[in-house]
Number of protein chains: 2
Amino acid sequence: MKEHSVTIYDISEQAGVSIATVSRVLNNSSNVSEATKKKVLNAIKDTGYTPNAFARGLGLNTMKTIGILAADSSDLYLAKAIYYFEEELRASGYDSLLCCTGYAHKDKKAAIELLISKKVDGIILVGSNFVYPDVADNKYILSAAEKVPVMLLNAELEGNNIYCVSSDDYKSMYKATGELIGSGFRNILYFYNSLSYSGALKERGYRDAMKDAGINVVERQLQFFEGTREDVHGMAAQLEKTASTGLKFNAVIAADDTLALSAVKYALSKGYKIPEEFSVIGYNNSMLATCSEPELTSIDNKLETLCQKLTATLMGVLSGEEMPKKTIFGGEIVTRGTTKGGTSK
Amino acid sequence: MKEHSVTIYDISEQAGVSIATVSRVLNNSSNVSEATKKKVLNAIKDTGYTPNAFARGLGLNTMKTIGILAADSSDLYLAKAIYYFEEELRASGYDSLLCCTGYAHKDKKAAIELLISKKVDGIILVGSNFVYPDVADNKYILSAAEKVPVMLLNAELEGNNIYCVSSDDYKSMYKATGELIGSGFRNILYFYNSLSYSGALKERGYRDAMKDAGINVVERQLQFFEGTREDVHGMAAQLEKTASTGLKFNAVIAADDTLALSAVKYALSKGYKIPEEFSVIGYNNSMLATCSEPELTSIDNKLETLCQKLTATLMGVLSGEEMPKKTIFGGEIVTRGTTKGGTSK
DNA sequence: ATCTCTGTTGTAAACGCTTTCAGCTTTTTT
DNA sequence: AAAAAAGCTGAAAGCGTTTACAACAGAGAT
């Protein structure tokens, strides 16, 4: 299998030119006469030669590769983002090296270092759970940015060589909460499962919307779900338990569609009429939104646009252009069966 | 940014040893005294040195990297598989280079060649849509296998250096169809969206089960959905349309949970009682199964086990061991709300 | 006919690491 | 105490590219 593979020397010999010329043809650089070019190309075809990426990388010091880091590629939202990134990067002539780190800090750090040692030309951190509330914990990102540009999706961090593209989670959540309030709901539960950067924004959006409407929020109204991100049963059970302890709520605003879906399940099991007696708004407008019955009203933050913008920014940075360090896109509420039209009750 | 980075020479100088010794410490190979080892490690820490993967690769001719190819990382099932592979590979000291190819043949071929040019040590093809019914179309896999081992998940292809690990889709589908028949259903629709290798197996399972039960199948009973894999509405609409043309069916067996979910939606919209008047069985037992209401009976083919087995096989191959070229795992039916217990009606 | 310029090609030195081989220093054996 | 073995270390030769530099031919200018 791993015999002596064809090298540039073999080509040079067969074509009767020097290796420099072969290399020039390979990179179709500078001036090579048509005649020799043809000879070389023929030899390449004959031998089935493919350049050795290592050697090439050694010389060029770039692999034309971008490292993508995501906590969990099986998360619907992250998976979609990864897909878009892959697509955009390939279109720009870059390949991607994906690492799924899991949610532990140590692993994230190790993964980022690994990518750098693989000589990626840039790093994309997908999802806000790479940025911690405690600034000291983000040092690992800063030191990565000393070597290659670091792009953050849906998170913000100031630093040299760090660029952020994110959705306006604060405003989206503020608006969505406002819509529930506008429909006459006051006992609105906020259901979340991530303490990430954007998670904090969402929470603030919820709190501010409630406050601005003059509604008092008790801490138990913010329910944190600790289980896995797919455990719909567990989520519904937590709502059930919360209700059974006496907290009243007839609307749920969720930080994620899965959580929202569990709220629908819960409400149905209680016999509530949706959306009249019980409303739900999800987040991300994933395919789950149309899977649910009734279908979920959900916040769409135009992931594809975000990913495109982020990739474009990265490409700009790599080619030495000055690029905006922070870009924010607004989201929109996609109204479906779990909320009323939005007119006040 | 891209200043002169720290090399093994800097370390050797700072530690007062030769580069050979540094290299030895790096690979914790052979015999290095504790004292010098410590000196070197300190120097490494001080300088923040990371080895250059290219140079290393040039010497070793391996990047310790496995290429993972999947058509679409945002497909729930594939995403999950990718996640497991990443995890397993990392545990074995390998990194992964992921390429999402899309569903077009040309792109798959290009992606596989790209991976090889990046000097991956092996390739994993995730999902059966890499193997075509027409043998000639699979040549691109065979020629990849001339360079590195190729692993197939849920597909089969004979060839040197090709290894397959798959679920027993034929048997699972046969059993599942049989279960519906056993519950008294005869007008069972088969709903699918992929012409892949495993897709063909599933179809055959369905057909044989029907035949063995003495039930005649008309071609319109096999419904192929052409739209995107997430378009639940479109799927339900197709069922609706099929029914409106006069074809009667009161059970659906789907090649995928999303399809099954759309069948549930359809049945509910028609006012059928599930599972008594209308039953549904999905495939893959994804999170969608528990999202649906009622929840989906679905076939679980133990993806994690498959992925572990596949990775283990690959590791074996890479270390020169003789490995089975074909491994098949049986699946099991997870019964939930869309089917009766299984006792005959 | 000489000189300069331009276009094309070859030579050789990097790039940063691994690894063989040989040499030196210990330790163990006899 | 001498000989043999074992343990460490360093020098140097690759690995397959890219690229700066030199060289050389032929064309145009003088």
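Proteins come first, then strands; the chains are lettered A, B, ... in the order of their sequence lines, and each starts at number 1.
Distance A:L58 CG to D:dT18 C1': 10 Å, rounded to the nearest Å. Across the protein-nucleic acid pair, B:N52 atom CG and D:dT17 atom P stand 16 Å apart, rounded to whole Å.
Within residues 37-47 of chain B, no residue places a heavy atom under 4.0 Å from DNA chain C.
For residues 68-87 of chain B, the set of pairs meeting the side-chain hydrogen bond (donor to acceptor under 3.5 Å, both in side chains) definition, not counting sequence neighbours, comprises A:E230-B:K80, B:D72-B:S74, B:D75-B:R229, B:Y77-B:N154, B:Y77-B:N301, B:E86-B:S96. A side-chain hydrogen bond (donor to acceptor under 3.5 Å, both in side chains) check over residues 34-46 of chain B, counting only residues at least two apart or in different chains, returns the pairs B:S33-B:T36. Judged as a salt bridge (Lys or Arg N to Asp or Glu O under 4.0 Å), the pairs with a partner in residues 314-329 of chain A (not counting sequence neighbours) are, in order, A:E156-A:K326. Sorted by first and then second residue, the salt bridge (Lys or Arg N to Asp or Glu O under 4.0 Å) pairs with a member in residues 94-105 of chain A read A:D95-B:K118; sequence neighbours excluded.
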Q: Decide side chain to side chain donor-acceptor pair (under 3.5 Å) for A:Y132 and A:K108; before the verdict, give the C-alpha distance in whole Å, the side-chain angles of both, and the deciding distance to 0.1 Å.
A: CA-CA 12 Å; A:Y132 295 94; A:K108 293 179 195 170; 2.9 Å; yes
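B:Y9 is linked by a side-chain contact (heavy atoms from CB on, under 4.5 Å) to B:T7, B:I19, counting only residues two or more places apart in sequence or in another chain. Partners of A:Y94 according to the ring-ring contact (aromatic ring centres under 6.0 Å, His included) rule, which considers only residues two or more places apart in sequence or in another chain, do not exist here. Applying the side-chain contact (heavy atoms from CB on, under 4.5 Å) criterion to A:D107, with sequence neighbours excluded, gives A:A104. By the side-chain contact (heavy atoms from CB on, under 4.5 Å) test, A:A144 is found to be paired with A:I112, A:I116, A:V150, residues two or more places apart in sequence or in another chain being considered. In this structure, the side-chain contact (heavy atoms from CB on, under 4.5 Å) partners of B:T47, at least two apart in sequence or on a different chain, are B:V6, B:I11, B:Q14, B:Y49.
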All N/O pairs under 3.5 Å across the protein-nucleotides 18-21 of chain C interface:
unit_1, atom_1, unit_2, atom_2, d
C:dT18, OP1, B:N27, OD1, 3.2
C:dT18, OP1, B:N27, ND2, 3.1
C:dT18, OP1, B:R56, NE, 2.9
C:dT18, OP1, B:R56, NH2, 3.4
C:dT18, OP2, B:S23, OG, 2.4
C:dT20, O4, B:R24, NH2, 3.4

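We find the CG-CD1 distance between A:N161 and A:I141 to be 13.0 Å, quoted to the nearest 0.5 Å.
At D:dT9, one or more side-chain N or O atoms of B:S33 fall inside 4.0 Å of OP1 or OP2 (strictly under the cut-off). Distances shorter than 4.0 Å separate none of the side-chain N or O atoms of B:T36 from OP1 or OP2 on D:dC8. Here A:T7 does not reach the OP1 or OP2 of D:dG16: none of its side-chain N or O atoms lies under 4.0 Å away.
Helix-axis bend for the helix from C:dA1-D:dT30 to C:dT30-D:dA1: the local axis fitted to the five terminal pairs at one end deviates from that at the other end by 40°, rounded to 10°.
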